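Being a predicted model, the structure only gives us computed values, none of them experimental.
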Amino acid sequence: MRAINDKTDPDQFAQSLAELTDEVAELSRRLRSVESDHEQRAAAQQSDLTIICHDDDDHSIQFHTENGFVILRPWEAKGELPASGAFRFRVQDPDGLDREINVAIATQLRSETEFRSRGRIGTSSRFWICCAERRLANYLMEHDQF
């Protein structure tokens, strides 16, 4: 930037100052636009967030599949654990139709798993509940029906 002296044309100086003022105004406008966009995205993300929580009522926790089925463990609301290897889930389809569906895990599979895991996964472990529920959820996703 050159120093202002008597050789500097006042019109050039005024024009440069006007251009700089315009550029600052444009940058300020862009900054406000970006800040506004960030605020709108943050508000949209907060409003789009959906949390489904049912553990504060008398029902068991609900497992929601991506295609709209809901799987319930009815024994949890009663504080019970189902008999080893046999699990009765309550399933609701996207239209609201309820059915009870039984998932059984073979005794031989449970025994072999207990043996191979050296007892870390017993035949009556809660691990089997998760396996049965996951298999049911996969079936519902693959077939889109009970």
Checklist entry - Do Leu109 and Val103 belong together in a cluster built from hydrophobic side chains that touch within less than 4.5 Å? => result yes

Checklist entry - With a 4.5 Å limit on heavy-atom distance, are the side chains of Leu136 and Phe87 in contact? => result no

Checklist entry - For the atom pair CZ (Phe146) and CD (Gln92), what is the distance rounded to the nearest 0.5 Å? => result 8.0 Å

Checklist entry - Nearest 0.5 Å, what's the OG1-CZ distance between Thr123 and Phe115? => result 14.5 Å

Item to check | Approximate separation, where rounding is to 0.5 Å, of Gln145 CD and Leu97 CG | outcome: 12.0 Å

Checklist entry - Under a 4.5 Å cut-off applied to non-hydrogen side-chain atoms, are Val91 and Phe69 in contact? => result yes

Next on the checklist: How long is the straight-line distance from CZ of Arg118 back to OG1 of Thr113, given to the nearest 0.5 Å?
Outcome noted: 14.0 Å

Checklist outcome for this item: Looking only at heavy atoms, the pair that brings Ile129 and Trp75 closest together is CG2-CZ2, 3.7 Å

Next on the checklist: Can you tell me if Glu19 has over 12 outside heavy atoms packed within less than 6.0 Å of its CD?
Outcome noted: yes

Checklist entry - Heavy-atom distance under 4.5 Å between the side chains of Ile71 and Glu133, does that happen here? => result yes

Next on the checklist: Just verifying a value: how many Å separate Ile121 CD1 and Arg116 CZ, rounded to the nearest 0.5 Å?
Outcome noted: 12.0 Å

Item to check | Over all atoms of both residues, closest heavy-atom pair of Phe89 and Pro74 | outcome: CA-CD, 4.2 Å

Item to check | Gly122 backbone acceptor or donor facing Trp128 side chain under 3.5 Å | outcome: yes

Checklist entry - From Cys130 SG over to Arg73 CZ, what is the distance, rounded to the nearest 0.5 angstrom? => result 5.0 Å

Item to check | Heavy-atom neighbours of Gln108 CD exceed 12 at 6.0 Å | outcome: no

Checklist entry - Looking at Glu100 and Arg88, does any basic side-chain N land under 4.0 Å from a carboxylate oxygen? => result yes

Checklist entry - Side-chain contact, heavy-atom cut-off 4.5 Å: Pro94 with Asn67? => result no

